[in-house]
Amino acid sequence: MSVPALQLSDDQAEAYDRVTEMLRGAGVDLDEGMLTPRADGKEQVLALIGKAGSGKTMLLAQLYEALDEAGVEVVSGDYESRKRRERRTLAILAPTNKAASVLRNRGVPATTIHRILYTPVYDPEYEKIAEWLAGNGDRPEVEGLTDQALDRAYAFFQTVKSIPGALAAAGLRGSDFITGWKRREEPLDIGFVDEASMLDARQFDDLKEIFPTLLLFGDPAQLAPVNQSGKMVFDDMPEQRKLILHRVHRQQDDNPILDLAHALGDDSLSFETFERMVEDAAQRDDRVVVAPRVEADLMARSPVLVWRNATRIRLIHAFRAAYGAPSDALLPGEPLICDGIELPLKHRKKRIDLEARGLIKGAQVVYLGPGRKPGFSRLHVVGSDDPQVSAASIVKIEMPDEEEPFIPFAAHMGATFLHGAAVTIHKAQGSQWPQVQVFAPDIWAASRTGRMEAGIPLWKRLTYVAITRAEHRLYWVTRARLARPQGPLDTSDLAAPATPLELTGDDT
C-alpha cells in the first residue's frame, strides 16, 4: 500500500491508494518514483468528496508533494516551457482567485481555471530568460539587463517558482515580457480541481477535454451552482469513480466553527435549536461571536453573507452611508465584486487580458482610485499573484426599492462590478476570510420557507456554506442593525502598488 509520510486515517489512506492507482495507470508511479510518457486516448476522472474537516485539502497537498518529488512538473499558468510535451505535468486549479490563494497560503501552487484555459505569449527575447530559469537553456545575454539583474531573477526563482515574479525581480514589468494571451489549443496532463462543487457542466466538459487524468475535490454539503438544478458535477458520476471521506477529523484546537457545521447533519435539528448551539459555543469560545449588529469595519474586507438580494442591497446602502460615500463616486477602499466582462467579440484579446489578470466573474476587488483615463479604475484583485491593475470599469451600485442600479461612473465597455460589502452565500462559495459575518435573520427566513435542495433543508445548506467560510472567527449577526465604523476607509493594508498594468486601450 502507498503510504505518505503523514499518518492518515483509514478512509484517507484508502482514497490516497485509489488515486495512486489511477496515477500509476496514467504512467506516474508514486511508489517507485518513476514516470513514463503519457499515453494518448486514456482518460480517467475521479472525485474525492467529503465535508469540511474531512481532510480533502490535506490529501491534495500530500498528493502534490508526492508528484513533485517524483519529478512531475507543475504548470502554474504564468509560463509554460516549450519542452513541456516531453514531461509529465500537473496543474492544481480552483474556480476563483480567492480559492486558489487559500491553497497557495498552504504551500500548494494553485492557479485559476481561467488562467489555465489561456496561455501567455512571451516576448522572444525575455522567453530566453524563462527557459533558462526553467532549466531548459543556458544563461542568456539580454540587451538592457545586467548580470546583476539576471542574478536577482535566478535567486528569486530558487525561492519562489514564479517566472513573472523572477522577471519582476530583474526590473521588468508584465507588459515588457507578456505580449498577449491565447486560448489553449493543446491538452495538458494531470489536473487537480479544488472546490469542485462550484463547477458547472460546461466547465467540467472543458476540463475533461484539457486533462486526460482529472481529480475533483468537492464538498457535497455545499450549494450547487445556480444553473445546475441542485446538482453538482460529481453527483451523476458512477459510484466507483467517487471516493468519499466519511470521517470528520477534529483539529488540534477543536474548531468550534466546524463543530457547528457538522451539527447541521442532524435531520431533527431545527433552526431555533441550532441558534441555541451557536449561543452556547459563543459562551465557551471567542472564535464564535453572537453579534447584535453588523460591523461596518469588517465589511470593507470580508462581506456580510446573506441569502436574499434585498438584504444584500440594504446592507450595501447602509455601509456606504456609514462611511459618508458620495452618491457620484467611490471611496478608495470600497470593496467590489466582478460581475463579468462587457466587451464585444472583436475585443476578444482584451477580454482574455482581463480574465488572465484575475478579473473573472466573482473575483473580489478593492477600489484604489480613478485611473489615468476617463472610466478607468485602479484596482486591487484579492488573491491574485500580481494584484494591482488599472482597467476600464463599469460600476453598478444597486439601491433599495429601485429597479435600475446607480452607476457612479462607467467606461463604454470593460469589467463590470457590483458592490462587495455584502454578498449572497452562493457567491461566497470557494472563498474564505479570517473573520466572517453571517446575517442570521436571512437564515431564519430561509428556514420558514420549507424549501429543500437535494433532499436537505435549504437553510441548512446555506448555514453550512456560510459558517465554513470563516477561517478563524464567526460572527452570527442576530439583528438588522449596523455599527458605525471606527475610522475612515483605508487601503494601507493592501500591497503597495507597482506600476499597474493598463488592461484596455484608448478605444475603450
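Nothing here was measured: the structure is a model prediction, and the numbers come from that model. Residue numbers count from 1 along this sequence.
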Kindly state each residue pair satisfying salt bridge (charged side-chain N to carboxylate O under 4.0 Å, His left out) with at least one member in residues 297-306, sequence neighbours excluded. R301-D493

Contact list for residues 203-214, test salt bridge (charged side-chain N to carboxylate O under 4.0 Å, His left out), sequence neighbours left out: D205-K208

Do [Y] and [X] have ring centroids that are under 6.0 Å from one another?
X	Y	value
F274	W444	no
F319	H419	yes
Y64	F192	no

Within this structure, what is the [atom1]-[atom2] distance for the pair [X] and [Y], rounded to the nearest 0.5 Å?
X	Y	atom1	atom2	result
Q437	E295	CD	CD	6.0 Å
F234	I49	CZ	CD1	5.5 Å
T468	N255	OG1	CG	10.5 Å
L188	T213	CG	OG1	11.5 Å

Answer yes or no: is there a donor N or O on one side and an acceptor on the other, between the side chain of S302 and the main chain of M299, under 3.5 Å? no

Would you say the side-chain atoms of S447 pair up with the backbone N or O of W459, donor to acceptor, closer than 3.5 Å? no

Show, in sequence, the C-alpha distance, side-chain angles and deciding distance for R320 and I397, and conclude whether the side chain to side chain contact (heavy atoms under 4.5 Å, CB included) test is met. CA-CA 10 Å; R320 300 199 78 235; I397 300 178; 3.7 Å; yes

Charged N to carboxylate O below 4.0 Å: is that the case for [X] and [Y]?
X	Y	value
D285	R287	yes
D219	K51	no
R448	E272	yes

For E239, the salt bridge (Lys or Arg N to Asp or Glu O under 4.0 Å) test, sequence neighbours excluded, returns K242

Between A466 and L305, what is the shortest heavy-atom contact and its length? O-CD1, 3.7 Å

Can a donor-acceptor pair be found between the side chains of [X] and [Y] at a distance below 3.5 Å?
X	Y	value
Q62	Y16	no
S431	Q364	yes
E275	W476	yes

Take atom CZ in R308; do more than 12 heavy atoms of anything else shown fall under 6.0 Å from it? yes

Of all residues at least two apart in sequence or in a different chain, which pass the side-chain contact (heavy atoms from CB on, under 4.5 Å) check with E21? R18, R24

Carefully, step by step, assess Q435 and H472 under the rule side chain to side chain donor-acceptor pair (under 3.5 Å). CA-CA 6 Å; Q435 303 181 90; H472 304 303; over 6 Å; no

Determine the sole option in V366, L418, T416, L330 for which the side chain to side chain contact (heavy atoms under 4.5 Å, CB included) test with L336 is passed. L330

In chain order, what residues pass the side chain to side chain donor-acceptor pair (under 3.5 Å) check against T273, with sequence neighbours excluded? S270, R276

Taking side chain to side chain donor-acceptor pair (under 3.5 Å) as the test, write out the residues that go with Q486, two or more places apart. none

Walk me through it: do T311 and T424 pass the test side chain to side chain contact (heavy atoms under 4.5 Å, CB included)? CA-CA 9 Å; T311 305; T424 62; over 6 Å; no

Do L93 and L207 have side chains that approach each other closer than 4.5 Å (heavy atoms only, starting at C-beta)? yes

Report the C-alpha distance between T491 and H380 in whole Å, list the side-chain angles of each, state the deciding distance to 0.1 Å, and finish with yes or no for side chain to side chain contact (heavy atoms under 4.5 Å, CB included). CA-CA 9 Å; T491 60; H380 178 99; over 6 Å; no

